[in-house]
Number of protein chains: 2
Amino acid sequence: MNSTSSTRDRILGTAEKMFAQRGFDGASLRQLTAAAGVNLAAVNYHFGSKEKLVEEVFRRRLDALNANRLAALHKLAGGEATLEQVLAAYIRPALELSHDGKGALFMRVLARAFAEHDDNLRRFLSENYGHVMRQFTAEFARLLPHLGKAELYWRIDLVTGALTHAMSGFGMIQRKGDVSEQEHLEQTVQHLIRFAAAGLSHP
Amino acid sequence: MNSTSSTRDRILGTAEKMFAQRGFDGASLRQLTAAAGVNLAAVNYHFGSKEKLVEEVFRRRLDALNANRLAALHKLAGGEATLEQVLAAYIRPALELSHDGKGALFMRVLARAFAEHDDNLRRFLSENYGHVMRQFTAEFARLLPHLGKAELYWRIDLVTGALTHAMSGFGMIQRKGDVSEQEHLEQTVQHLIRFAAAGLSHP
DNA sequence: CGTATGCTCAAACGATCGTTTGAATCGCGT
DNA sequence: ACGCGATTCAAACGATCGTTTGAGCATACG
C-alpha cells in the first residue's frame, strides 16, 4: 500500500471542490473523476463508495479544524476566559480554514450539509465532533449564567446559523486592495466575534 | 383550462414536502407523483419541466410572504419606526408562515436554496423579490446611520443567515405543553427580534 | 526469474432519472 | 347527442447514475 497515494488526494481535493459547487448529489463520480484525471473506478477502490468519500472529505478538514478549536480553547485561562476569547477560539480556526482557497470551498460544503438535514451526515458529525461543541457550550453556559438552558441553546443555534452562512460566503467577498490578507481576516474575525457576542449576551 | 386544478395543487403541495425532505435533486418526479397520487407526466404537462415546478413552489409562498412583509412595513409610521418594529415586519410574516404545518416545510426548502448557491434560483429570487429586500435595507440604513454601507450589508447578511437557519428548524422545536401556539409564536418572534436587534445595532 | 501485491483501466451492469409520445378519457358548449 | 379541447394515462425514450468486474500494468520481494 502506498502511504500517500496521489490518486486518493486528487480525488479528495476535487471532490471538495465539486461538492461545494454542485452538491453531493449534483456532483457525479464521472464528472469528479474526469476532473481529477483519475479512473472512474478509483473512487470505489480507494473509498468503498461515494458516501464514504463524502465522509472522508469531512473528516480530513474537521479533524484539523476542531483540533485547532480545542487547542485555542484550552489555551485560555480556565474559568477566567472572556466571552470574546471563547468566541475567538471557536471562530478564528474556521475563518482561517475558509481563508485559503481550498478551505473556503469546504465551508460551502459544510453549509450545504447543514441545510440538507441529512440524518446520516448529522449522526456522523455528532459522533465524531460532538464533544467539541459540548465543551464550547459548557463555556458559554458559564459565561452567560443569566440565560436558561433552552434560551442558551437557542442563541447558540442562531449564532451557528449566522456563522455558517457568513463563512460559506467568505472568500467570495471582494477584499479592498489596500489591506493585507491577514488584516482582512483579522477584521472579519473581530466583526464576527462582536456580532456573536452581542447576540449571545444581550439581556 | 381548469381554474384550480386539483392535480396542480396536489403536485405543488407534495413537491414542497419532498423538496424539503430530500432536496431538489433528491426528490424524483416518480416519487413525487406517486406520493401525490397523480400521473408521472402530469408535472411536465402542468408546469413544463421540473425546474419550472421548483420556481412555482417558491412563487406560491414568496408572493404571499413578501406581500405580508411589505404591508407590515408600510403600516409603520414612515420615518419614525423603531428598529424592533422594522425587524418585526420582516420576521413575523416568515415565522407565521413557518408556523403552520405546510409552511414550515417551505422554510426548509428556502434554507436549502440559500445553501445551494444555485445561480438560476438566485437570479429568480433577486428578480422577483429583490425590491422587498431593498426597502428593508433602506429602513435599516436610516435606523443605523452610524454604520458604513459595507458594515450594514454585512450585518444584514449575518442576521439573514441566523434567521434562515432558525426558521428552517422551527416547527421541529418541541413546544412546551403549557403555552398556546400563539404564545409560542409570539415568544419566538420576540427572541428573534431581540437577537437580530442586538446583532445589528451593537457599536 | 517468478510471483505476489497494489493499483489502474475500459467495459459493462442494472437502476433510475427527466422527458416525450400517442391513445384513452373526461367535461362542457352547442 | 355530438364534437372538441383539456386532462390523464401507460409506455417508452435516451441519458446518466453508482457500482462491479476482470484483465492489464507496475513495483518489490523471495
Side-chain angles (χ1 to χ4, degrees), chain A residues 1-60 109 112-113 116 118-121 123-124, chain B residues 1-60 109 112-113 116 118-121 123-124:
Chain A
M1 159 167 41
N2 217 339
S3 62
T4 57
S5 163
S6 167
T7 297
R8 239 188 85 102
D9 291 341
R10 287 233 297 285
I11 291 175
L12 277 174
T14 309
E16 191 170 64
K17 186 193 311 178
M18 302 201 60
F19 287 156
Q21 290 170 345
R22 317 183 202 230
F24 304 114
D25 288 352
S28 75
L29 293 187
R30 282 175 173 80
Q31 298 171 335
L32 202 161
T33 52
V38 304
N39 187 270
L40 168 61
V43 169
N44 283 278
Y45 177 80
H46 285 281
F47 299 94
S49 68
K50 186 180 183 178
E51 191 179 327
K52 298 273 196 178
L53 169 62
V54 172
E55 288 188 3
E56 201 56 33
V57 167
F58 277 85
R59 193 187 308 274
R60 186 175 63 148
V109 175
R112 229 179 236 273
E116 296 210 2
D118 183 290
D119 284 340
N120 291 328
L121 206 47
R123 182 163 8 93
F124 170 80
Chain B
M1 159 166 40
N2 217 339
S3 62
T4 58
S5 163
S6 168
T7 297
R8 240 187 85 101
D9 291 341
R10 286 234 296 287
I11 291 175
L12 277 174
T14 309
E16 190 170 65
K17 186 193 311 179
M18 302 201 59
F19 286 158
Q21 291 171 343
R22 318 183 202 230
F24 304 114
D25 288 352
S28 75
L29 292 187
R30 281 174 175 81
Q31 299 171 336
L32 201 161
T33 52
V38 303
N39 187 271
L40 168 62
V43 169
N44 283 278
Y45 176 78
H46 284 282
F47 299 94
S49 68
K50 186 180 184 180
E51 191 180 328
K52 298 273 195 180
L53 169 61
V54 172
E55 288 188 4
E56 201 55 34
V57 168
F58 277 85
R59 192 186 309 275
R60 186 174 63 147
V109 175
R112 230 179 235 273
E116 297 210 2
D118 184 290
D119 283 341
N120 290 329
L121 207 46
R123 182 163 8 93
F124 170 81

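To find a chain, count down the sequence lines: A is the first, B the second, and so on, and within it residues start at 1.
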Can you pull every protein N or O that's under 3.5 Å from an N or O on nucleotides 16-19 of chain D?
{"from": "D:dC17", "atom 1": "OP1", "to": "A:S28", "atom 2": "OG", "distance (Å)": "2.9"}
{"from": "D:dG18", "atom 1": "OP1", "to": "A:K50", "atom 2": "NZ", "distance (Å)": "2.4"}
{"from": "D:dG18", "atom 1": "OP2", "to": "A:L29", "atom 2": "N", "distance (Å)": "2.8"}
{"from": "D:dG18", "atom 1": "N7", "to": "A:R30", "atom 2": "NH1", "distance (Å)": "2.7"}
{"from": "D:dG18", "atom 1": "O6", "to": "A:R30", "atom 2": "NH2", "distance (Å)": "2.6"}
{"from": "D:dT19", "atom 1": "OP2", "to": "A:N44", "atom 2": "OD1", "distance (Å)": "3.4"}
{"from": "D:dT19", "atom 1": "OP2", "to": "A:K50", "atom 2": "N", "distance (Å)": "2.9"}

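Contacts of residues 12-20 of chain A with DNA chain D (heavy atom under 4.0 Å): none.
Remark: A:T7 is not in phosphate contact with C:dC7, judged by side-chain N or O atoms under 4.0 Å from OP1 or OP2. Between A:H46 and the phosphate of C:dG6, there is no side-chain N or O to OP1/OP2 separation shorter than 4.0 Å.
The nearest whole Å value for the distance from the CZ atom in A:F47 to the C1' atom in D:dT20 is 18 Å. The nearest whole Å value for the distance from the CG atom in A:N39 to the C1' atom in C:dT8 is 6 Å. Rounded to an integer number of Å, the gap from CZ of A:R8 to P of C:dT8 is 12 Å.
With a 3.5 Å limit on both pairing distances and Watson-Crick or G-U wobble geometry required, the stems of 3 or more pairs in DNA chain D span C:1-30 with D:1-30.
Closest approach of B:M18 and B:A27 over heavy atoms only: O-CB, 3.7 Å. When every heavy atom of A:T33 is checked against every heavy atom of A:V43, the shortest pair comes out as CG2-CG2, 3.7 Å. When every heavy atom of B:N44 is checked against every heavy atom of B:S49, the shortest pair comes out as OD1-CA, 3.7 Å.
With sequence neighbours excluded, the residues satisfying side-chain contact (heavy atoms from CB on, under 4.5 Å) with A:A42 are A:T7, A:I11, A:V38, A:H46. For B:F58, the ring pair (Phe, Tyr, Trp, His ring centres under 6.0 Å) partners are B:F106, not counting sequence neighbours. In this view, B:R30 satisfies the side-chain hydrogen bond (donor to acceptor under 3.5 Å, both in side chains) rule with no residue, not counting sequence neighbours. A:R59 meets the side-chain hydrogen bond (donor to acceptor under 3.5 Å, both in side chains) test with no other residue; sequence neighbours excluded. Partners of B:F24 by ring pair (Phe, Tyr, Trp, His ring centres under 6.0 Å), not counting sequence neighbours, listed by chain and number: B:F19.
Counting heavy atoms from C-beta on, the side chains of B:E55 and B:F47 never come closer than 4.5 Å.
Heavy-atom neighbours of B:E51 CD from other residues, nucleotides or ligands within 6.0 Å: at or below the threshold of 12.
Annotation: side-chain hydrogen bond (donor to acceptor under 3.5 Å, both in side chains) contacts involving residues 13-27 of chain B, sequence neighbours excluded, comprise B:E16-B:R61.
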